[in-house]
Amino acid sequence: MKLDTKDRRILSVLDLSARLPSQTIARKVGLSKETVIYRMKRLEKRGIIERYATLVNFGKLGYTGFAVFSRFQ
């Protein structure tokens, strides 16, 4: 799923603090409050934003996650 630069910037701000009001997010990304609200709702409908603890579903974006375990002595 492709995201444009504006959506990526919104996700970046939400990743730092998911509890910011939409007006603050709009100011940080350089968009209007209404545009930010619209884009956030669209990201919710697409399943990219699942909760506002900011859990980004990277699988929907086409990324694969791996776990690496190391043992040090």
Student: Distance-only criterion, 3.5 Å: show the donor-acceptor pairs between side-chain atoms of residues 57-73 and protein atoms not counting sequence neighbours.
Tutor:
| unit_1 | atom_1 | unit_2 | atom_2 | d |
| --- | --- | --- | --- | --- |
| N57 | OD1 | G59 | N | 3.2 |
| N57 | OD1 | K60 | N | 3.4 |
| N57 | ND2 | E50 | OE2 | 3.1 |

Student: Looking only at heavy atoms, which two atoms of R8 and L3 are closest? And how far apart?
Tutor: NE-O, 3.5 Å
Student: To the closest 0.5 Å, what do you measure between CD1 (I49) and CD1 (I10)?
Tutor: 8.0 Å
Student: Let me check something: any side-chain donor-acceptor pairs from residues 20-34 under 3.5 Å, sequence neighbours excluded? List them with distances.
Tutor:
| unit_1 | atom_1 | unit_2 | atom_2 | d |
| --- | --- | --- | --- | --- |
| S32 | OG | T35 | N | 3.2 |
| S32 | OG | T35 | OG1 | 2.7 |

Student: Who passes salt bridge (charged side-chain N to carboxylate O under 4.0 Å, His left out) against R42, sequence neighbours left out?
Tutor: D7
